[in-house]
Amino acid sequence: MPIQQALTTSFKQQILQAQQDISTDTLNLALYTSQVTLGPSTTIYDTLYEVVGTGYTEGGVVLTGVTIGTSDNGVIYINFDNAVWNPAAFTARAALIYNVSKANKSVAVLDFGADKTCQTTFTVQMPANTANSALIRLN
């Protein structure tokens with residue numbers, strides 16, 4: 001399968017080595033077509049098979065509203081505001097969260113499950129910011 005949703009292995013290692021700081025670094029979300037290969041072994045942002053279309057700029061958008069929480073049972077969870085492109089006219093199949101502040105190192109791959117096509121606005125809606133549903137969870 002060419003797209004596999006996951007935190008990237010390199011991100012997990014870099015977090016433990018204090019090489020990425022989600023609370024202060026700039027993270028982007030880039031969109032990709034169905035031809036891309038992304039998964040746990042993705043280490044860096046690449047433009048190959050990145051979306052091209054109205055309202056989309058290479059590199060994607062900056063993720064805002066970073067929220068880091070902890071649960072009573074020790075889960076660390078991280079979430080962001082929704083990523084929005086408006087106006088927008090393109091088709092996307094997957095996304096990559098990557099760290100602009102750290103030489104475009106990968107963080108996570110999002111698999112939309114199917115091609116998503118828009119003609120006016122494209123929104124990547126983030127899940128609820130809880131220990132059970134946040135986009136990034138470390139148990």
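Model, not experiment: these values are computed from the prediction.
Nearest heavy atom pair, residue Ser133 against residue Ala128, reads OG-O, 3.1 Å. Nearest heavy atom pair, residue Ser34 against residue Asp115, reads CB-OD1, 3.6 Å. Closest of all the heavy-atom pairs between Val51 and Ala92 is CG2-CB, 3.8 Å. Between Thr26 and Val62, the shortest heavy-atom distance links the atoms CG2-CG1, 4.0 Å. When all heavy atoms of Ala134 and Pro127 are compared, the pair lying nearest together is C-CG, 3.9 Å.
If you chain together hydrophobic residues whose side chains sit under 4.5 Å apart, Leu27 and Tyr77 never meet in one group. Cluster membership for Phe112 and Tyr56, using ILVMFWY side-chain heavy atoms within less than 4.5 angstrom, is shared. Hydrophobic clustering, with ILVMFWY side chains joined whenever heavy atoms are under 4.5 angstrom apart, keeps Val61 apart from Val36. Val75 and Ile78 end up in different hydrophobic clusters when Ile, Leu, Val, Met, Phe, Trp and Tyr side chains are linked at under 4.5 Å. Tracing side-chain contacts under 4.5 Å through hydrophobic residues (I, L, V, M, F, W, Y), one never reaches Val52 starting from Leu48; they form parts of separate clusters.
With sequence neighbours excluded, the residues that form a side chain to side chain contact (heavy atoms under 4.5 Å, CB included) with Thr117 are Thr91, Gln119. Among residues two or more places apart in sequence or in another chain, the ring-ring contact (aromatic ring centres under 6.0 Å, His included) test is passed with Tyr98 by Tyr45.
Not one N or O on the side chain of Asn99 forms a donor-acceptor pair closer than 3.5 Å with the backbone of Val107. Looking at Thr47, its side chain never comes within 3.5 Å of a backbone N or O of Glu50 through a donor-acceptor pair. At least one donor-acceptor pair under 3.5 Å links the side chain of Thr67 to the backbone N or O of Gly65. Side-chain atoms of Asp25 do not come within 3.5 Å of backbone N or O of Ser101 as any donor-acceptor pair. The closest donor-acceptor contact from the side chain of Tyr32 to the backbone of Ile3 lies at 3.5 Å or more, if one exists at all.
Side-chain contact between Leu96 and Asp46 is absent, with no heavy atoms from C-beta onward closer than 4.5 Å. Contact of the Met126 side chain with the Leu29 side chain is registered, since non-hydrogen atoms from C-beta on lie closer than 4.5 Å. Residues Val109 and Asp111 fail the side-chain proximity criterion, which asks for heavy atoms closer than 4.5 Å. In this structure the side chain of Leu135 reaches within 4.5 angstrom of the side chain of Leu110, judged on heavy atoms. Proximity of Arg93 to Tyr49: side-chain heavy atoms (C-beta onward) are nowhere separated by under 4.5 Å. Residues Ile22 and Phe11 are in side-chain contact: their nearest non-hydrogen atoms beyond the backbone lie under 4.5 Å apart. Taking the side chain as every heavy atom from C-beta outward, Trp85 and Thr54 never approach each other to under 4.5 Å. Within the 4.5 Å cutoff, side-chain heavy atoms of Lys105 are placed close to those of Gln19.
Between the CG atom of Leu63 and the CG atom of Asn28 there is a distance of 6.5 Å, given to the nearest 0.5 Å. Separation of atoms NZ (Lys116) and OG1 (Thr123) is listed at 13.0 Å; rounding is to 0.5 Å. How far CG of Leu138 is from OG1 of Thr70: 12.0 Å, rounded to the nearest 0.5 Å. In this structure, Asp21 CG and Ile68 CD1 are separated by 7.0 Å, a value rounded to the nearest 0.5 Å. If you take CZ on Arg137 and CG on Leu7, they are separated by 9.0 Å, rounding to the nearest 0.5 Å. Between atom NZ of residue Lys102 and atom CD of residue Gln20 there is a gap of 7.5 Å, rounded to the nearest 0.5 Å.
Note: Phe90 and Phe122 have tilted aromatic rings, judged against thresholds of 30 and 60 degrees for the angle between ring planes.
A side-chain donor from one of Gln35 and Thr33 sits under 3.5 Å from a side-chain acceptor of the other. Between the side chains of Ser71 and Asn73, at least one donor-acceptor pair of N or O atoms lies under 3.5 Å.
The local environment of CD in Gln125 is sparse, with at most 12 non-hydrogen atoms from other residues, nucleotides or ligands closer than 6.0 Å.
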